[in-house]
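One structure is given below, encoded as structure tokens.
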Amino acid sequence: GNKTRAPARLRVDGSNLIDPVSGQPVTLHGVNWWSGYFQSDDGLDLETELPSANLVRLVGILWDNGNPDTDCRTDDASNGFLSDKCVRHLDNAIKACQRHNVWVVITCRAAEAAGDGYPEDVFHDPDLVIQFETMWRWAMRTEGNQLLPAF
């Protein structure tokens, strides 16, 4: 189906990252992807142009970012305070990584929440703190959610 499979997660053993399937140490090499510019064949392009790349740092959650055209933040707690459009973009980028056996680290760009919106930021606004934590918990769930950082 269209569901993303359960995430494989690297394991930490001392100073090593361990592949959960092979049990062997992994050295990560990769690039940044900005989800707003993501194209469906970016995974193939990455595999072709940088065959040793095995990691994408996905700047994919633009949350309380100060730009209403690209902001992922919503007031809908039932959807983790994330817009459907944002979820679709993230899901497509993660699936592209999975198809090419590339690990994903999801990152958030939250300019307003991270301080530009003072005093309405995660350092001073308890409601925003709860929303931000809820968003991350929702995005990282392993069941019933398409957003699974894995390959």
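Any value given below was found using the heavy atoms of this structure, including those in side chains, with hydrogens, waters and symmetry copies removed. Keep in mind that what you see is a predicted model, and the values were worked out from it rather than measured.
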Supply the atom-to-atom distance [X] [atom1] to [Y] [atom2], rounded to the nearest 0.5 angstrom.
X     : Y      : atom1 : atom2 : answer
Asn54 : Asn101 : CG    : CG    : 10.0 Å
Leu82 : Gln131 : CG    : CD    : 11.0 Å
Asp75 : Phe81  : CG    : CZ    : 7.5 Å
Gln98 : Asp91  : CD    : CG    : 8.0 Å
Ile94 : Arg99  : CD1   : CZ    : 11.5 Å

Open item on the list: With side-chain contact (heavy atoms from CB on, under 4.5 Å) as the criterion, how do Asp45 and Thr48 come out once you've worked through the C-alpha distance, each side chain's angles and the decisive distance to 0.1 Å?
Closed with: CA-CA 5 Å; Asp45 291 344; Thr48 303; 5.6 Å; no
For the student: nearest non-hydrogen atoms of [X] and [Y], plus distance:
X      : Y      : result
Cys86  : Gly60  : SG-O, 3.7 Å
Val104 : Cys97  : CG2-CB, 3.4 Å
Leu10  : Trp103 : CD2-CZ2, 3.2 Å

- [ ] Evaluate the side-chain hydrogen bond (donor to acceptor under 3.5 Å, both in side chains) criterion for residues Ser78 and Asp76: first the C-alpha distance (whole Å), next the side-chain angles of each, then the deciding distance (0.1 Å), finally the verdict.
- [x] CA-CA 5 Å; Ser78 70; Asp76 184 2; 2.5 Å; yes
Open item on the list: Determine whether a donor-acceptor pair (N or O, by modelled atom type, separation under 3.5 Å) exists between the side chain of Asp19 and the backbone of Gln24.
Closed with: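 Between the backbone of Gln24 and the side chain of Asp19 there is no qualifying donor-acceptor contact (under 3.5 Å).
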TODO: Answer yes or no: is there a donor N or O on one side and an acceptor on the other, between the side chain of Asn65 and the main chain of Asn67, under 3.5 Å?
DONE: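 No, the answer is negative, given that no donor and acceptor are paired below the 3.5 Å cut-off.
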Open item on the list: With heavy-atom distances below 4.5 Å as the criterion, would you say the side chains of Asp71 and Leu62 are in contact?
Closed with: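 Answer no - side chains too far apart.
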Which pairs would a plain distance check flag for residues 119-126, meaning a side-chain donor or acceptor within less than 3.5 Å of a matching protein atom at least two apart in sequence or in another chain?
residue, atom, partner, partner atom, Å
Asp121, OD1, Phe123, N, 3.0
Asp121, OD1, His124, N, 3.0
Asp121, OD1, His124, ND1, 2.7
Asp121, OD2, His124, ND1, 3.3
Asp125, OD1, Asp127, N, 2.9
Asp125, OD1, Leu128, N, 3.2

Open item on the list: Taking Asp84 first and then Arg88, would you say they form a salt bridge - that is, a charged N and a carboxylate O separated by under 4.0 Å?
Closed with: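 Judged by the 4.0 Å cut-off on N to carboxylate O distance, Asp84 and Arg88 do not form a salt bridge.
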Please table the atom pairs, donor to acceptor, closer than 3.5 Å between any side-chain atom in residues 25-33 and protein atoms at least two apart or in another chain.
residue, atom, partner, partner atom, Å
Asn32, OD1, Arg57, NH1, 3.2

Open item on the list: Please determine whether side-chain contact (heavy atoms from CB on, under 4.5 Å) holds for the pair Trp63 and Arg109, giving the CA-CA distance in whole Å, both sets of side-chain angles, and the decisive distance to 0.1 Å.
Closed with: CA-CA 6 Å; Trp63 196 87; Arg109 170 98 171 59; over 6 Å; no
Task: ILVMFWY network linking Leu50 to Leu58, side-chain heavy atoms under 4.5 angstrom - done: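 Yes, it is one cluster - the side chains of Leu50 and Leu58 are joined through contacts under 4.5 Å.
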Task: Hydrophobic cluster identity match, Ile18 and Leu55, side-chain contacts under 4.5 Å - done: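 Different hydrophobic clusters.
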Open item on the list: Given Val56, which partner from the list Ile106, Val102, Val105 fulfils the side chain to side chain contact (heavy atoms under 4.5 Å, CB included) test?
Closed with: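 It is Val102; the other options fail the test.
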TODO: Please test Glu112 against Arg73 for side-chain contact (heavy atoms from CB on, under 4.5 Å), starting from the C-alpha separation and ending with a verdict.
DONE: CA-CA 11 Å; Glu112 298 293 315; Arg73 182 178 175 210; over 6 Å; no
Open item on the list: Checking Cys108 against Phe132 for the side-chain contact (heavy atoms from CB on, under 4.5 Å) test, could you report, in this order, the C-alpha distance in whole Å, the side-chain angles of both residues, the deciding distance, and whether it holds?
Closed with: CA-CA 10 Å; Cys108 178; Phe132 193 66; 3.9 Å; yes
